[in-house]
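See structure below.
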Amino acid sequence: MTNKKHLLNSSSPDRADMTTSDAITKKLRGYYSSVKEESIPERFLDLLEKLDEVEKSSGSKK
Amino acid sequence: MTEPMGCSNQKPAGLKSFKEELLEQLPNLRAFAMTLVRNSAYADDLVQDTLMKAWSKQSSFEAGSNMRAWLFTILRNEFYSQMRKSGRVVEDAEGYFTDQMAVPPSQDGTMDMRDFKVALAKLPDDQREAIILVGASGFSYDEAAEICGTAVGTIKSRVSRARVRLQELLNVNGAEDYGPDASSASTLNKSFAS
């Protein structure tokens with residue numbers, strides 16, 4: 001999965017006004033990354049585990 | 001698009017499973033949900049619905065394409081369709097979608113996180129999502145336009161209106177508003193603009 005990155009890393013000149021950081025952008029990013037850094041709640045890990053199990057057990061149907 | 005994918009239901013060794021890919025994107029997806037709707041319980045419900053939708057639609061995900069953009073699109077669609085179904089109008093967003101909290105006024109004129117969250121919640125949904133996608137999630141204007149199903153120009157104008165509105169709400173029209181903080185603020189900004 002290498003080409004997944006190219007979209008996210010693309011630094012188009014379009015984005016210049018956003019990367020020229022100001023107080024607003026800085027605050028927004030701070031807020032966003034504070035959520036991003038939280039540990040993933042159990043419920044999501046459980047859910048993915050269950051979905052995976054269901055798929056595996058019904059694998060023959062596919 | 002450049003990656004040659006052989007038989008799609010064969011999983012080459014070393015390639016991440018769909019579950020692993022979802023796990024990898026979870027922190028970002030949650031951050032998007034949490035900033036889009038400030039009520040954290042609702043945001044997590046939205047993430048859960050998105051994961052289930054994504055799982056059921058996994059065959060429609062093109063291997064090698066942008067998983068994050070794909071998930072964000074699903075979450076966004078979920079959000080708007082749930083709003084429509086429940087008959088909630090955008091104006092209700094502040095009451096329902098934000099946590100109830102008393103916000104003490106900042107004492108020193110600095111913009112703290114709580115003020116920011118409140119201000120962000122006051123933006124119209126379309127402006128809020130635009131500024132989050134472009135300003136925090138790291139999408140280009142093109143990608144944000146695709147996620148929102150709108151034109152690039154529309155995204156640009158939403159982002160710029162969002163910024164103006166946030167500046168008004170937070171009273172940060174210029175460095176002079178920071179008083180003694182001005183120099184440290186501008187230093188921070190410089191270091192941030194990488």
Side-chain angles (χ1 to χ4, degrees), chain A, chain B residues 1-3 9 15-19 21-23 26-28 30-35 44 47-48 51-52 55 63-69 111 113 116-117 120 131-132 134-143 152 156 159-160 163 166-167 170 172 175 178 185 188-194:
Chain A
M1 292 290 146
T2 45
N3 58 352
K4 184 173 65 183
K5 279 183 192 156
H6 89 277
L7 281 170
L8 299 173
N9 290 346
S10 64
S11 51
S12 79
D14 266 4
R15 222 184 287 179
D17 60 330
M18 290 304 300
T19 48
T20 313
S21 268
D22 57 315
I24 298 289
T25 309
K26 192 174 155 287
K27 212 69 192 172
L28 176 63
R29 288 180 184 171
Y31 177 22
Y32 191 90
S33 39
S34 71
V35 181
K36 223 169 95 174
E37 280 153 22
E38 284 174 19
S39 56
I40 298 171
E42 277 305 304
R43 64 188 275 200
F44 298 133
L45 305 177
D46 291 346
L47 174 70
L48 288 177
E49 212 53 59
K50 271 184 203 134
L51 288 169
D52 211 28
E53 273 167 33
V54 169
E55 190 179 80
K56 275 174 188 157
S57 65
S58 65
S60 51
K61 284 184 210 158
K62 291 204 164 181
Chain B
M1 288 130 263
T2 51
E3 189 171 309
N9 40 4
L15 193 66
K16 289 194 190 92
S17 69
F18 190 70
K19 188 179 99 178
E21 293 247 28
L22 286 182
L23 273 174
L26 253 176
N28 246 296
R30 257 193 105 222
F32 180 47
M34 289 282 190
T35 44
D44 272 343
V47 171
Q48 173 146 347
L51 290 176
M52 286 164 64
W55 198 275
S65 65
N66 192 330
M67 168 73 92
R68 188 181 299 176
M111 184 171 71
M113 194 72 92
F116 184 79
K117 291 180 188 177
L120 190 67
I131 197 168
I132 293 167
V134 176
S137 302
F139 290 108
S140 67
Y141 283 115
D142 287 339
E143 290 161 345
V152 177
K156 285 184 184 174
V159 170
S160 90
R163 289 162 62 82
L166 285 173
Q167 276 165 0
L170 296 160
V172 283
Y178 282 99
L188 276 171
N189 289 341
K190 261 175 224 153
S191 63
F192 211 77
S194 49

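Labels below follow one simple rule: chain letters A, B, ... track the order of the sequence lines, proteins then strands, and each chain is numbered from 1. Owing to the predicted nature of the structure, the values given are computational and were not obtained by experimental measurement. Quick note: numbers below take in every heavy atom, side chains included, and nothing from hydrogens, waters or symmetry partners.
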Which pair of non-hydrogen atoms, one from [X] and one from [Y], has the smallest distance, and what is that distance?
X        : Y       : answer
B/Asp44  : A/Pro41 : OD2-CG, 4.1 Å
B/Lys117 : A/Tyr31 : CE-CE1, 3.3 Å
B/Ala31  : A/Val35 : CA-CG1, 3.6 Å

From [atom1] ([X]) to [atom2] ([Y]), nearest 0.5 Å:
X       : Y        : atom1 : atom2 : value
A/Leu48 : B/Glu21  : CG    : CD    : 12.0 Å
A/Lys27 : B/Leu170 : NZ    : CG    : 9.5 Å
A/Leu47 : B/Trp55  : CG    : CH2   : 8.5 Å
B/Phe18 : A/Glu55  : CZ    : CD    : 9.0 Å
B/Thr35 : A/Leu28  : OG1   : CG    : 7.0 Å
B/Phe32 : A/Lys36  : CZ    : NZ    : 13.5 Å

Legend entry - Side-chain heavy-atom pair A/Glu38, B/Arg30 within 4.5 angstrom cut-off: yes
Legend entry - Student check: side-chain heavy atoms of A/Phe44 and B/Leu23 closer than 4.5 Å: no
Legend entry - chain A interface, residue from B/Asn28, B/Leu51, B/Leu26 that has the most non-hydrogen pairs under 4.5 Å: B/Asn28
Inset, instruction - Would you check if there is a donor-acceptor pair between the side chains of A/Tyr32 and B/Ser137 at a distance under 3.5 Å? - result: yes
Inset, instruction - Please identify each residue that fulfils side-chain contact (heavy atoms from CB on, under 4.5 Å) with A/Glu42, with sequence neighbours left out. - result: A/Leu45, A/Asp46
Legend entry - Contacting moiety of A/Ile40, where chain B heavy atoms sit under 4.5 Å: side chain
Legend entry - A/Ser33 versus chain B, the contacting section by heavy-atom distance below 4.5 Å: neither
Legend entry - Under-4.0 Å salt bridge between A/Glu49 and B/Lys19: yes
